[in-house]
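Order of the sequence lines fixes the chain letters, A, B, ..., with proteins taken first and strands second; residue numbering starts at 1 for each chain. Side chains are part of it too, since the values below use all heavy atoms of this structure and drop only hydrogens, waters and symmetry mates. These figures come from a predicted structure and were not determined experimentally.
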Amino acid sequence: MTPSHKQRLVQGNEACVEGAITAGMRFYAGYPITPSTEIAELCSRKLPAVGGTFIQMEDEIGSIAAVLGASAAGMKAMTATSGPGFSLMQENIGYAAMAEIPCVIVNVQRQGPSTGVATAPAQGDVMQAIWGTHGDHPVVVLSPASVKEMYELTARAFNLAEQFRVPVVLLADEVIAHLRESVVLDRETLPFPIVQRKKPSVSPSQYLPFKADADGVPPMANLGDGYRSQFTGLVHDEAGFPSTRPEVVNSLIRRLHHKLEDNRQQIASFEAVHLDDAELVIVAYGSMARAAIAATRLAQERGLRLGVFRPVTLHPFPHEELVTAAARARAILVPEMNLGQLVLEVQRLTAGRCPVVGWSYVRGELPTPDLVLTQALRLLEAEEEYEDLLQLAALVRDDIVRPDWWLEQEWGA
Amino acid sequence: MMTTRAEKYLKTAKLPHIWCPGCGHGTAVNALLEAFERMGIDQDKVVIVSGIGCASRAVLYLNFDSMHTTHGRALAFATGVKLARPELKVVVLMGDGDGCAIGGNHFIHSARRDIDLTAIILNNSIYGMTGGQLSPTTPVGSSTATSPNGNLMRPFDICSLAKAAGATYVARSTTYHVAQLARYFQKAISHTGFSVVDVISQCPTTFGRRNDMADPVDMVEWERDNAIPLAKAQQLSPKELEGKIVVGEFVDGSQSNGNGRGDGPLP
């Protein structure tokens with residue numbers, strides 16, 4: 001790429017704010033927490049200049065609540081946090097799903113559980129991002145792997161939130177949030193147009209706030225538009241009035257699920273690196289995917305065919321493409337900075353088409369590419385030696401519980 | 001007749017409401033509608049936000065834009081609504097548990113910001129919807145489902161709390177004093193800044209029955225007989241004020257010079 005005058009050295013968190021403003025975000029409510037704080041600081045500086053509003057709330061519960069209030073009143077709204085704050089936000093994320101209020105929640109993952117290591121990267125919130133709030137609920141989870149993607153996926157997060165009236169979680173990690181890369185961030189470089197929420201086409205007297213169109217999504221009147229909108233977290237009928245009738249419960253819960261599931265092909269996205277002829281596939285996301293992609297280059301030097309399948313949407317998951325890759329591969333390695341979360345989903349979706357083995361790296365740091373490569377080589381050797389999948393799984397499970405023992409053997413770490 | 005005047009403010013198709021016979025909340029809501037009527041408010045420019053509990057259920061019957069939110073969080077949701085659309089009047093309906101226990105932090109911070117919201121607390125000193133448990137305004141000694149031997153903990157004085165935290169209009173009345181209540185609602189909603197009305201309401205079903213006031217009339221008479229105007233209360237000793245309900249305007253609103261967006265100069 002030829003250098004452009006628009007090229008800048010930008011931090012991941014800053015790119016996130018740029019992406020949000022590009023997508024039309026005009027309201028931000030947040031509470032300081034490492035390693036997401038730069039997002040709040042930048043919003044406080046940049047939003048007033050574009051006619052937007054920033055408020056520092058008293059806690060993360062209030063932050064997501066204010067975001068939902070502002071969104072219901074017509075603003076594109078966002079908050080950002082990390083593990084402890086994300087845990088506090090869960091109840092109101094469920095409210096957003098139930099009341100179908102678009103919102104974007106950035107979770108810059110740090111090492112947990114609890115206060116953990118505030119400044120260290122981790123990927124321990126994958127399952128929480130998908131299943132964190134109680135009850136079956138729709139949510140989109142996006143996983144950025146570069147500064148450029150912090151920009152694009154934040155903008156896309158708003159598009160998805162507005163189009164499907166769902167909460168969208170941008171599940172970043174400390175490495176991507178604090179990484180600085182030379183990028184061009186402007187609207188022209190976005191590979192998609194900006195989406196606005198669907199407004200009612202009927203008069204206020206005919207408007208049923210939760211009557212869905214064919215795509216499963218009801219048009220949304222904003223508070224103050226004269227439609228007498230009613231939002232509630234209770235199970236409700238098409239008029240928005242609470243109901244306990246079994247058929248109303250059934251139809252609402254299923255519609256909320258189907259509006260994402262039926263549009264999965266449109267939502268789910270992934271990146272494939274050397275996937276076509278790979279004998280071993282690494283499924284990795286976020287900053288770990290960078291180590292995995294670098295490992296494919298090291299592998300090529302050694303004449304090994306290593307590919308990477310990088311899900312960009314962790315939920316809904318691009319599973320058809322994963323299944324195709326699994327059918328061709330000898331084995332799949334899923335390295336994660338947690339004790340094995342997405343690996344369970346990969347195992348479930350590939351359903352025994354090839355051995356799927358997780359590798360857990362929970363040291364509050366990103367592994368180097370050669371560590372990932374060594375794991376991949378080890379898996380290929382093991383796969384030859386152990387034809388019985390159960391034996392293989394047992395071998396790798398051992399590594400998951402004792403990575404330090406193994407690392408010390410091989411590298412004296 | 002009050003009913004006819006109130007009708008346009010109600011989603012009449014959604015009635016009857018879920019409140020128990022003898023509940024004070026309907027009286028309080030009627031006073032609120034009376035205040036709207038006197039103010040001649042534009043119904044499309046008022047948003048009513050509530051939390052979870054008996055009091056918060058009111059929004060489901062009101063013919064306005066509304067948000068029935070999560071337990072304790074109504075004021076935080078309302079903060080977002082108000083900042084997004086400053087031209088809208090935002091009225092927040094809460095109960096005592098909703099507003100001052102689980103939502104206590106949002107309550108004091110909304111007051112600190114002096115954001116232009118009206119917080120109405122329908123205060124019956126009990127968690128009614130869950131069957132009558134101790135709330136942060138339950139009087140010492142009262143019997144509840146979770147204080148069967150009498151409450152040992154001091155209650156919050158909501159008005160003192162609001163005043164100390166910086167609210168710029170603070171008043172208290174009861175469901176017996178309906179004319180005063182409607183007047184306070186009107187002043188609170190007209191006020192620019194954070195306004196609080198603490199409404200002493202009765203719950204004969206889950207509070208009265210456990211405290212020798214099973215008849216709703218007993219409870220309303222208790223409000224009547226124990227209410228003391230603020231000016232008179234200021235002449236009395238704390239001992240003399242025990243068990244009394246001090247009614248009146250604790251902060252009269254004249255000092256507010258904020259812009260209602262939570263970033264104005266402090267009074």
| query | Are any non-hydrogen side-chain atoms of B:Thr70 and A:Met98 less than 4.5 angstrom apart? | reply | no
| request: Inspect the surroundings of CZ in B:Arg38 and state if more than 12 heavy atoms from other residues, nucleotides or ligands are less than 6.0 Å away. | output: yes
| query | Do other residues, nucleotides or ligands put more than 12 heavy atoms under 6.0 Å from the NZ atom of B:Lys11? | reply | yes
| said: By the definition side chain to side chain donor-acceptor pair (under 3.5 Å), identify the one residue from B:His109, B:His106, B:Arg112 that meets it with A:Glu58. | reply: B:His106
| query | Less than 4.5 Å apart, any side-chain heavy atom of A:His236 and any of B:Leu60? | reply | no
| message | Please check if the number of heavy atoms outside B:Lys163 that lie under 6.0 Å from its NZ is greater than 12. | response | no
| Atom group of B:Lys45 that falls short of 4.5 Å from chain A, counting heavy atoms | side chain
| query | In terms of heavy-atom pairs under 4.5 Å with chain B, which of A:Gly224, A:Ala73, A:Gly226, A:Gly62 leads? | reply | A:Gly224
| Which bit of A:Ile101 comes within less than 4.5 Å of chain B, counting heavy atoms only: side chain, backbone, both or neither? | side chain
| said: If I take atom OH from residue A:Tyr95 and atom NE2 from residue B:His71, how far apart are they, to the nearest 0.5 angstrom? | reply: 14.5 Å
| remark: So, the part of B:Val49 with a heavy atom under 4.5 Å from chain A: the answer is neither
| note | Heavy-atom closest pair (A:Arg228 atom, B:Phe64 atom, distance to 0.1 Å) is CD-CA, 3.8 Å
| query | Measuring heavy-atom distances to chain B, does A:Ala72 have an atom under 4.5 Å in its side chain, in its backbone, in both, or in neither? | reply | side chain
| message | Quick check on B:Glu87 against chain A: is it the side chain, the backbone, both or neither that has a heavy atom closer than 4.5 Å? | response | neither
| message | How long is the straight-line distance from CG of A:Asn222 back to CG of B:Asp65, given to the nearest 0.5 Å? | response | 9.0 Å
| request: Give, as side chain, backbone, both or neither, the part of A:Pro242 having an atom under 4.5 angstrom from any heavy atom of chain B. | output: side chain
| note | Which of A:Leu68, A:Val67, A:Ile64 passes side-chain contact (heavy atoms from CB on, under 4.5 Å) with B:Phe77? It is A:Leu68
| said: Counting heavy-atom pairs closer than 4.5 Å to chain A, which one of B:Asn63, B:Ile52, B:Asn105, B:Val59 comes out on top? | reply: B:Asn63
| task | Give the member of B:Ser110, B:Ala76, B:Ala78 that has the highest number of heavy-atom pairs under 4.5 Å with chain A. | result | B:Ala76
| Given side chains that start at C-beta, do those of B:Arg85 and A:Leu223 come closer than 4.5 Å, heavy atoms only? | no
| message | Given heavy-atom pairs under 4.5 angstrom as the criterion, report whether the side chain, backbone, both or neither of A:Ala99 touches chain B. | response | neither
| Do you know which of A:Pro204, A:Ser229, A:Gly240, A:Pro209 has the most heavy-atom pairs with chain B at a distance under 4.5 angstrom? | A:Ser229
| request: Tell me, yes or no, whether the heavy-atom count around B:Phe207 atom CZ, taken from other residues, nucleotides or ligands under 6.0 Å, exceeds 12. | output: yes
| message | As an exercise: rank A:Ala66, A:Ser63, A:Ser71, A:Ala29 by heavy-atom pairs under 4.5 Å with chain B and give me the winner. | response | A:Ala66
| request: Could you tell me which non-hydrogen atom of A:Met75 sits nearest to which non-hydrogen atom of B:Leu83, and how far apart they are? | output: CE-O, 4.5 Å
| remark: Greatest number of non-hydrogen atom pairs under 4.5 angstrom with chain A, of B:Leu88, B:Thr79, B:Leu75, B:Thr69, falls to B:Thr69
| A:Asp136, CG: over 12 other non-hydrogen atoms inside 6.0 angstrom | no
